[in-house]
Amino acid sequence: MSEIDSSKTAMSPEEQKAYQARQKQRAVILAGLLMFMVVLFYFITIVKIGTAS
């Protein structure tokens with residue numbers, strides 16, 4: 001283990017809940033960003049196919 005890992009103490013239940021809440025919020029934001037990118041690429045593809053005809 002590294003120095004950083006050995007010096008850490010266990011999180012309290014309150015800290016763990018706050019940490020998990022931040023993780024969930026970050027995951028929701030990234031999922032939203034991913035969905036936005038998928039929709040954006042879809043529309044760009046449709047527009048490019050439409051103009052190629």
Side-chain angles (χ1 to χ4, degrees):
M1 288 188 150
S2 67
E3 277 184 41
I4 296 171
D5 291 337
S6 62
S7 66
K8 285 189 177 181
T9 58
M11 287 191 275
S12 70
E14 296 83 22
E15 289 174 329
Q16 192 171 8
K17 283 183 182 180
Y19 181 77
Q20 288 174 341
R22 284 193 306 269
Q23 272 187 324
K24 184 175 181 178
Q25 182 182 19
R26 196 175 306 130
V28 168
I29 290 170
L30 285 175
L33 181 62
L34 179 61
M35 286 302 297
F36 172 76
M37 296 287 289
V38 167
V39 170
L40 180 67
F41 289 153
Y42 175 78
F43 283 125
I44 289 172
T45 302
I46 295 301
V47 167
K48 285 188 174 229
I49 290 172
T51 59
S53 298

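Separating the OG1 atom in Thr45 from the CG atom in Leu40 is a distance of 9.0 Å, to the nearest 0.5 Å.
Side-chain contacts under 4.5 Å among hydrophobic residues (ILVMFWY), followed directly or transitively, place Val39 together with Tyr42, Phe43, Ile46. Hydrophobic side-chain contacts under 4.5 Å tie Val47 to no other Ile, Leu, Val, Met, Phe, Trp or Tyr residue. Summarising the hydrophobic clusters (Ile, Leu, Val, Met, Phe, Trp, Tyr; side-chain heavy atoms under 4.5 Å, direct or chained), the residues clustered with Met35 are none.
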Contacts table for residues 10-20: side-chain donor-acceptor under 3.5 angstrom, sequence neighbours left out:
from	atom 1	to	atom 2	distance (Å)
Ser12	OG	Glu14	OE1	3.3
Ser12	OG	Glu15	N	3.3
Glu15	OE1	Ser12	N	3.0

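Partners of Ile29 by side chain to side chain contact (heavy atoms under 4.5 Å, CB included), not counting sequence neighbours, listed by chain and number: Gln25.
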